[in-house]
Protein chains: 2
Amino acid sequence: MSLLDASLIADIPLFQGVARQDLVELLSKAKSERYVKERTIFNQGEDAHSFFLLLDGHIRVVRITPEGEQVIVRYISSGELFGIAHALGLDKYPANAVSAVDCVVLSWPGAIWKSVSEKFPAFTANTYKTVGARLQEAQDKVVELATERVEQRVANAILKLANQTGKKTEDGILIDFPVSRQDISEMTGTTLHTVSRLLSAWEQEGIVKSGRKKITVIEGHKLAVLAGGDQRS
Amino acid sequence: MSLLDASLIADIPLFQGVARQDLVELLSKAKSERYVKERTIFNQGEDAHSFFLLLDGHIRVVRITPEGEQVIVRYISSGELFGIAHALGLDKYPANAVSAVDCVVLSWPGAIWKSVSEKFPAFTANTYKTVGARLQEAQDKVVELATERVEQRVANAILKLANQTGKKTEDGILIDFPVSRQDISEMTGTTLHTVSRLLSAWEQEGIVKSGRKKITVIEGHKLAVLAGGDQRS
DNA sequence: ACCGGACTTTGCTCTCGCGCAAATAGCGGC
DNA sequence: GCCGCTATTTGCGCGAGAGCAAAGTCCGGT
């Protein structure tokens with residue numbers, strides 16, 4: 001892709017340890033794509049035709065149950081891989097990917113995963129590190145869902161979003177893409193009603209400030225207390 | 001390991017595609033160990049000194065929360081890898097591993113992971129396939145915990161155990177290692193009381209038969225319906 | 001500026017499943 | 001075979017949070 005400048009993206013942790021010329025070659029095999037917000041990049045169950053690197057924006061990865069309920073598995077931030085079914089030995093995407101905002105994405109044909117992974121070991125190693133980290137995260141989430149109550153889970157989800165993608169404003173830390181109450185509920189296994197009630201209560205106490213698809217964390221430490229060992233008697 | 005006969009374990013899916021002589025070399029670097037039941041193989045947070053292959057028995061992988069609650073992440077059956085922190089880019093074990101019954105285990109020093117993974121690509125590929133499958137599983141569990149109710153989750157957990165390790169008896173399919181009500185509750189994010197109540201009810205209906213640390217599935221199809229319908233048996 | 005749809009708030013009710021407690025039963029060790 | 005420990009069962013009450021419903025609010029489009 002002549003439009004891509006390797007020096008702009010060499011800093012991505014994913015390319016740590018990858019030689020500059022390997023990086024150039026890797027990028028030459030990729031295609032750059034733009035998605036306006038709320039566009040589907042791929043669907044669960046679909047043939048895994050490509051794997052992706054998010055260059056700019058935020059992407060929501062969603063699983064849909066047979067009953068039609070949605071669960072948000074994670075948000076992808078820029079610099080992260082997604083849709084790497086091939087690296088996991090899958091031939092179908094296990095989830096949907098949807099742009100939460102306008103996005104720029106690099107895509108490689110899935111068919112070249114094998115040759116790429118053989119040719120660029122540093123890249124491959126970083127990829128598997130990512131996979132390892134995600135396995136960790138997923139298991140953390142299992143533990144959280146199995147042991148913590150809704151209030152803690154919601155507090156934790158908001159904290160994570162704020163840490164992952166927070167932007168400083170004069171009010172506090174703003175999650176810099178649109179997140180609805182429903183989204184939060186789909187991240188935490190609850191309902192939008194409960195999330196709304198919690199946010200209202202927290203706003204009363206000055207812990208957060210929230211609006212339509214917008215959440216600002218004012219007192220992160222108080223949220224952290226709610227997320228962690230909140231002992232009630 | 002002169003005691004190990006490569007031909008006995010060449011059939012393990014993990015070694016699919018690995019040349020016989022590579023397999024022999026791989027095994028020569030491993031150490032065989034025995035654990036009587038309820039022995040700790042490694043602990044969460046401990047330095048990842050080794051990675052393991054279970055040759056015989058069943059192993060419980062458990063995470064412990066800061067509050068001391070336990071969550072059973074998975075059971076390992078014979079032929080499966082575990083403790084592969086190194087392959088995930090971790091330097092500490094993220095969970096405990098405990099033998100559920102008497103076990104035979106192969107262990108490799110963690111330090112050789114890198115060289116092994118470079119030298120035996122087929123083995124490495126299979127390992128990462130395993131990791132991918134586990135990521136899948138973990139995310140399935142997240143979805144399950146987030147959307148299904150306790151009865152479905154418990155039914156599903158028991159079905160999975162029966163499929164994974166079930167032994168045919170005249171009564172039905174017996175889970176062939178000791179599982180307590182508490183264990184089931186720690187797999188499903190509920191309490192031993194609720195599990196006990198469910199098993200009692202199911203026993204009334206002739207769906208299962210259970211005793212002390214013992215569960216026999218009699219009518220798998222009925223359990224599958226309770227679990228939510230999309231389960232194979 | 002207005003309209004309509006999407007998002008949010010909030011009240012009320014109801015129930016699933018947890019927490020506590022006490023009784024019972026089965027297994028292993030001596 | 002007996003004892004003690006551990007696992008299991010079961011009753012009861014309660015509370016977190018889901019489900020339902022209706023009102024309110026904000027935003028984008030024409």
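Chain A is the first sequence line, chain B the second, and so forth, proteins listed ahead of strands; every chain is numbered from 1.
As a whole-Å value, the separation of B/I215 CD1 from D/dA7 C1' is 12 Å. In this structure, CD of A/Q182 is placed 14 Å from C1' of D/dG19, rounded to the nearest angstrom. In this structure, the CZ atom of B/R149 is 12 Å from the P atom of C/dC18, given to the nearest Å. At whole-Å resolution of the value, CD in B/E151 and P in C/dC16 are 10 Å apart. When rounded to the nearest whole Å, the span between CD of A/Q152 and C1' of D/dG17 equals 14 Å. The NZ atom of A/K209 sits 15 Å away from the P atom of C/dT8 (whole-angstrom rounding). What separates CZ of B/R153 from C1' of C/dC16 is a distance of 11 Å, to the nearest Å. Remark: P of D/dG17 and CG of A/L192 are 15 Å apart, rounded to the nearest angstrom.
The phosphate of D/dG19 has neither OP1 nor OP2 within less than 4.0 Å of any side-chain N or O from A/T191. Proximity of A/S180 to the phosphate of C/dA6: no side-chain N or O atom is located under 4.0 Å from OP1 or OP2. Side-chain N/O atoms of A/R181 include one lying less than 4.0 angstrom from OP1 or OP2 on C/dT8.
Scanning residues 193-203 of chain A for heavy-atom distances under 4.0 Å to DNA chain C yields A/H193, A/S196, A/R197, A/S200.
We find that B/R60 and B/E38 are joined by a salt bridge, their nearest charged nitrogen and carboxylate oxygen being less than 4.0 Å apart.
Inter-axis angle, ends of the helix from C/dA1-D/dT30 to C/dC30-D/dG1, five pairs per end, rounded to 10 degrees: 50°.
Set against D/dG17, D/dT9, C/dC7, the side chain of A/K213 has C/dC7 as its closest nucleotide.
Of the residues B/L54, B/V105, B/V104, the one that meets the side chain to side chain contact (heavy atoms under 4.5 Å, CB included) test with B/Y35 is B/V105.
By the 6.0 Å contact criterion, CD on A/E67 is enclosed, its count of non-hydrogen atoms from other residues, nucleotides or ligands being greater than 12. Counting heavy-atom neighbours within 6.0 Å of A/K160 NZ, excluding the residue itself, gives a total above 12.
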Can you tabulate the close N/O pairs, meaning under 3.5 Å, that link protein atoms to atoms of nucleotides 26-30 of chain D?
residue : atom : partner : partner atom : Å
D/dC26  : O2   : A/R212  : NH1          : 3.2

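Applying the side chain to side chain donor-acceptor pair (under 3.5 Å) criterion to B/T165, with sequence neighbours excluded, gives no partner residue. B/K222 pairs by the salt bridge (charged side-chain N to carboxylate O under 4.0 Å, His left out) definition with B/E219, not counting sequence neighbours. Considering only residues two or more places apart in sequence or on other chains, B/S210 meets the side chain to side chain donor-acceptor pair (under 3.5 Å) condition with B/R181, B/E203.
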query: How far apart are the C-alpha atoms of B/I184 and B/V179, what are their side-chain angles, what is the distance that settles it, and do they pass the side chain to side chain contact (heavy atoms under 4.5 Å, CB included) test?
result: CA-CA 7 Å; B/I184 302 280; B/V179 207; 3.8 Å; yes
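At least one side-chain heavy atom of B/L88 sits less than 4.5 Å from a side-chain heavy atom of B/V131.
Expressed to the nearest 0.5 Å, how far CD1 of A/I9 lies from CG of A/L55 amounts to 6.0 Å.
Annotation for B/M187 and B/Y75: closest pair SD-CE1, 3.8 Å, computed over non-hydrogen atoms. Considering every non-hydrogen atom in both B/G79 and B/L14, the closest pair reads O-CB, 4.4 Å.
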